[in-house]
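Notes for the one structure printed next.
Note that ligands are numbered from 1 as they come in the structure, with each ligand's atoms numbered from 1 the same way. These values consider heavy atoms only, across backbone and side chains, with no hydrogens, waters or symmetry-generated copies.
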Amino acid sequence: MSNKKFVFMFSETDETMKNLVGGKGANLGQMTKLGLPIPQGFTVSTEACTVYYQNKENLPDYIFDQINSSLVELEKITNKKFGDPMNPLLVSVRSGARVSMPGMMDTILNLGLNETVVKGLAEITNNPRFAYDSYRRFIQMYSDVVMGLPKPRFEEIIDEMKEERNISLDTEFSANDFQEMIQKFKALYKKELNEEFPSDPKKQLYGAIEAVFASWENPRANYYRKINGIPSSWGTAVNVQSMVYGNMGETSGTGVAFTRNPANGEDKVYGEFLLNAQGEDVVAGVRTPSPLAELGKIMPDVYQQFIDLAKKLENHFKDMQDIEFTIENGILYFLQTRSGKRTAHAALKIAVDMFETNMIDKERAIMLVKPEQLDTFLHPQFDESALKKAKRIGEGLPASPGAATGQVVFNVEQAIEQVNKGNKVVLVRLETSPEDIEGMHVSEGFLTARGGMTSHAAVVARGMGKCCVSGCHGLVVNEAKGFFTVGGEKYHLGDWISLDGSTGIVYGGKIDTRPATISGDFEKFMTWCDEIKTLDVRTNADTPNDAKQARAFGAQGIGLCRTEHMFFEADRIKAMREMIVSENIEQRKKALAKLLPMQQSDFEQIYEAMEGMPVTIRYLDPPLHEFLPTQDSDIEELAQELGVSKEKLIDKIASLHEFNPMMGHRGCRLSVSYPELAEMQTTAIIQAYINVMKRNPDYPAVPEIMIPLVGEVRELKFVKDIVVETADKLIKESKMDLKYLVGTMIEIPRAALLADEIAKEAEFFSFGTNDLTQMTFGFSRDDAGVFLKDYYEKRIYENDPFATIDQEGVGKLVEIAVKKGKEANPHLHLGVCGEHGGDPRSVEFFHKVGLDYVSCSPFRVPIARLAAAQSAIKYKK
Ligand code: PEP
Ligand code: MG
């Protein structure tokens with residue numbers, strides 16, 4: 001028994017209660033408070049969901065008792081009675097997690113109907129067709145969602161009946177037809193499940209609520225959570241809402257609307273509706289709906305009321321809203337509102353427009369764009385000259401912008417198979433459904449024959465930032481035979497097509513793309529982020545080109561230049577190999593002398609590309625065997641080049657073999673064995689610096705020399721002494737007043753634990769969270785993907801610790817090192833250069849623990865800048 005409250009009437013909740021009653025429930029409560037016309041109801045909390053799972057997937061009686069009391073309360077409010085044939089209360093049962101998960105959780109409408117109630121409903125509404133249509137829909141949904149009897153089994157019956165009657169639309173069925181359909185549905189139910197369809201409305205309600213809780217763990221929901229980083233511990237709430245009917249006839253209808261255009265952000269209410277239909281018809285994309293503006297002609301008053309209230313909601317929530325509504329016999333009801341999913345273009349435009357019209361402040365504007373969405377601007381668009389030559393084969397709705405080119409696939413399995421082979425695919429379907437989510441995620445874009453701008457395909461595409469053309473005219477998909485036709489053309493599985501999600505045009509063949517540019521709203525928005533963020537954003541760049549690209553994206557310096565990448569180039573690898581196979585120090589120094597000018601010239605170009613911004617250069621890091629050939633013929637060639645016998649070279653390669661190279665002779669250990677290596681790299685860095693400063697005396701740059709893979713202060717000190725001796729000598733000879741910093745990477749747990757010792761010899765720390773994750777978990781960064789998927793499936797880990805920082809373990813080491821390091825050296829400068837530096841959730845963590853900067857690949861720089869600004873707002877002191 002528990003005294004805790006698990007069930008809340010809409011009048012008891014508001015927008016601040018999302019964690020407890022879910023997003024949908026909280027907004028229904030808030031809309032009730034704002035005085036909007038809302039069919040009333042109650043919400044069973046997310047905490048009840050937790051109890052359901054703790055209690056072996058059963059709701060305890062004390063929660064059912066609260067549901068029953070709320071039902072009685074709802075009967076009072078609506079003046080109707082659950083199960084009363086002459087005045088029936090019917091309800092919808094819908095899921096509602098803290099954040100919206102479109103299409104992920106299941107909905108049941110018209111609950112409370114049985115043979116007696118449906119008769120009563122037919123009589124009191126004087127509309128038997130409506131009553132029996134509602135009942136058959138209920139049987140279908142309940143059987144599918146609660147009992148797992150798939151929808152297509154029912155669709156088969158419907159199709160057979162259409163054929164018998166020679167009709168093509170559901171709207172052509174009569175009341176009698178629906179009665180016959182109901183009997184057939186029930187017979188199917190009995191045959192498959194060995195029991196009668198439940199007639200007791202309470203039993204229906206209990207079953208439906210438990211089914212929504214159970215659907216929190218269905219594979220689609222799990223997949224959606226994984227790609228969106230939603231913890232499974234949140235659970236979902238369940239909303240039980242009294243029904244209103246959009247299928248009562250021609251003065252009834254249902255629709256979905258956005259307060260602004262979700263594809264391009266235009267400030268104009270944008271929506272679609274269907275007359276004489278229930279909500280699922282619009283969202284499922286089964287019938288193609290009419291544009292909302294048409295409603296203005298059919299029911300001008302209702303239309304105006306809708307527009308006014310929609311804007312009221314947008315003003316209240318200070319965000320673009322996605323609204324579901326129903327009109328029952330000319331009366332408007334709002335069924336739900338939530339922040340609308342939008343394309344990256346729309347997100348930026350909406351944020352900038354709302355700020356510029358004084359609706360919101362800059363901070364709010366920054367919170368309205370998801371960091372990951374910026375990715376869209378950083379990726380290619382169609383090359384215009386290639387587009388002119390392209391063959392146009394069809395046109396549909398421009399449901400989600402961007403350019404997609406790929407090989408045709410027709411289902412999830414084909415998509416995954418092709419992508420695993422390294423191919424790019426475009427998913428072509430009659431319409432998409434939540435089952436397709438995984439295939440959609442790996443595809444470049446989607447093309448559908450049916451459905452409008454608010455169909456599943458369109459909504460999911462915008463959420464994922466993928467390109468989508470929906471409702472393509474004349475597109476006929478034959479999945480079974482593996483082809484589609486459009487405009488008289490036939491395309492088979494594996495053929496190339498291209499989609500333009502901004503115009504809705506479909507092209508045959510592959511079209512070249514060109515890189516995106518930063519300008520307009522994007523540029524403006526990014527400067528706002530820079531005003532607000534406190535974390536600097538640097539980049540990981542090894543070449544002058546990368547450095548230039550990163551600066552164009554707003555990088556404030558280089559946080560990691562991996563020098564080894566310079567040695568892999570064709571003209572350098574030989575000298576590098578010579579250095580590795582050297583027998584003695586003289587030979588090694590000779591080889592290093594060949595590398596020196598090349599490395600020095602690279603550094604000069606990088607300093608110049610960065611124009612005085614900080615540049616952190618890391619010393620050689622990988623194990624040496626990575627530079628040596630493995631193929632017999634290559635070994636022979638190298639032996640000849642080096643003038644040694646093949647056998648000798650083979651022996652040398654074998655001697656470099658290590659069982660665990662990632663824990664082997666690499667990082668600063670190389671300079672401990674071969675101090676002349678650190679000497680050469682220091683000379684290259686400092687000589688390049690001297691040369692560049694002679695040419696550009698105003699550059700404020702101070703090179704940052706970074707020693708990798710340190711675990712003990714004495715090894716850092718050993719390498720640092722070489723660096724300082726070499727650098728100071730060169731600077732003294734130059735007679736210039738030049739400064740440089742020496743710091744280290746923290747990427748070995750021991751270094752994090754002894755950070756106070758290490759900080760005495762380091763002017764900066766850069767967390768190498770790739771290796772730190774590898775060493776903390778004991779997972780190989782190159783191979784762990786193979787078995788980590790089992791860990792996600794079994795819920796041991798929810799996401800990839802190499803992509804998003806593990807705050808509890810690896811993050812703990814970062815926190816310890818920050819604290820100890822700062823205590824020992826208050827001037828210590830702190831950054832991160834592992835892959836996590838470009839991951840928004842990790843950036844938030846690094847902001848929180850007090851790092852000075854993050855460093856990430858050039859293409860993630862804008863994402864990190866936005867994530868840093870959002871973190872600054874979230875944790876404002
Ligand atoms: C790291 O380990 O996080 C790092 C940045 O270094 P690398 O990936 O080169 O080992
Ligand atoms: Mg490393």
Side-chain angles (χ1 to χ4, degrees), residues 537-543 546 550 555 557-568 614-627 658 660-671 681 704-712 715-716 719 743-752 755 758 762 764-785 800-807 809-811 813-814 817-818 829-839 842-843 845-846 849 851-861 864:
V537 177
R538 295 193 187 182
T539 190
N540 294 356
D542 313 323
T543 64
D546 280 359
I558 291 181
L560 174 62
C561 172
R562 291 176 164 107
T563 48
E564 59 269 19
H565 290 179
M566 300 168 168
F567 296 137
F568 280 109
V615 176
T616 309
I617 297 168
R618 180 184 72 184
Y619 280 13
L620 190 68
D621 185 59
L624 297 181
H625 74 89
E626 284 190 14
F627 296 93
E658 291 176 309
N660 294 305
M662 273 291 171
M663 294 198 281
H665 199 191
R666 57 174 286 224
C668 63
R669 298 160 201 172
L670 294 170
S671 296
Q681 293 207 284
E704 301 177 5
I705 293 172
M706 183 152 81
I707 318 290
L709 223 72
V710 163
E712 156 61 43
E715 70 183 335
L716 172 61
V719 183
T744 182
M745 293 187 72
I746 302 289
E747 49 186 346
I748 289 191
R750 190 175 192 276
I758 293 185
F764 65 88
F765 282 174
S766 177
F767 289 95
T769 47
N770 302 334
D771 274 310
L772 194 59
T773 300
Q774 169 166 267
M775 312 255 188
T776 305
F777 278 90
F779 288 160
S780 158
R781 36 194 281 206
D782 301 313
D783 310 313
D800 181 357
F802 288 102
T804 298
I805 192 95
D806 154 52
Q807 296 193 18
V810 180
L813 286 170
V814 174
V818 167
H829 197 235
L830 298 163
V832 56
C833 61
E835 279 305 294
H836 305 91
D839 168 65
S842 310
V843 170
F845 174 77
F846 298 132
V849 299
L851 298 197
D852 297 299
Y853 70 89
V854 294
S855 187
C856 55
S857 74
F859 281 89
R860 288 166 98 185
V861 166

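Heavy-atom minimum distance, Ile805 versus His836: N-CD2, 3.2 Å. Between Arg666 and Pro661 the shortest heavy-atom distance is CD-O, 3.6 Å.
Remark: ligand 1 atoms within the under-4.0 Å shell around heavy atoms of Arg666 are 10 (O). If you number the atoms of ligand 1 from 1 as listed, the ones under 4.0 Å from a heavy atom of Met745 come out as 4 (C), 5 (C), 6 (O). Here is the list of ligand 1 atoms found below 4.0 Å of a heavy atom in Arg562: 4 (C), 5 (C), 6 (O), 7 (P), 8 (O), 9 (O). Applying the 4.0 Å criterion to heavy atoms of Asp771 picks out, from ligand 1, the atoms 1 (C), 2 (O), 3 (O), 10 (O). Atom numbering of ligand 1 starts at 1 in the shown order; those under 4.0 Å from a heavy atom of Cys833 are 5 (C). For ligand 1, the atoms lying closer than 4.0 Å to a non-hydrogen atom of Asp621 are 10 (O). Interface of Gly768 with ligand 1, defined as ligand atoms under 4.0 Å from a residue heavy atom, comprises 1 (C), 2 (O), 3 (O).
Not close to ligand 1: Gln774, with no non-hydrogen atom less than 4.0 angstrom away. Under a 4.0 angstrom heavy-atom cut-off, Arg618 registers as being in contact with ligand 1.
With Phe767 as reference, Val818 is the one residue of Val849, Val818, Leu813 to meet the side chain to side chain contact (heavy atoms under 4.5 Å, CB included) rule.
Distance alone, capped at 3.5 Å, is enough to place a donor-acceptor pair between the Asp852 side chain and the Leu830 backbone.
With rounding to the nearest 0.5 angstrom, the OG1 atom of Thr769 is 12.0 Å from the CD1 atom of Ile746.
Inter-residue side-chain proximity for Asp806 and Thr773 is flagged as unmet; no heavy-atom pair is nearer than 4.5 Å. Annotation: side chain of Glu704 is in contact with side chain of Pro614 (closest heavy-atom distance under 4.5 Å).
In this structure, OD2 of Asp771 and OE1 of Glu747 enclose an angle of 100° at the Mg ion (ligand 2), rounded to 10°.
Residues Thr616 and Arg538 have side chains that bring a donor and an acceptor to within less than 3.5 angstrom of each other.
If you check which protein heavy atom lies closest to atom 3 (O) of ligand 1, you get Asn770 N, 2.7 Å.
Open room surrounds CE on Met663; 12 or fewer heavy atoms of other groups in view lie less than 6.0 Å from it.
For the residues Glu747, Arg781, Glu835, the heavy atom positioned nearest atom 10 (O) of ligand 1 is part of Arg781.
Contacts between Asn540 and ligand 1 below 4.0 angstrom, taking non-hydrogen atoms only, are absent altogether. Under 4.0 angstrom from ligand 1, the non-hydrogen atoms of Thr769 all belong to its backbone. With a 4.0 Å heavy-atom cut-off, ligand 1 is reached by the side chain of Leu560 but not by its N, CA, C or O.
Using bins of under 30°, 30° to 60° and over 60° for the plane-to-plane angle, the ring pair Phe777/Phe779 lands in the parallel bin.
Within the 2.8 Å limit, Asp621 places no N, O or S atom next to the Mg ion (ligand 2).
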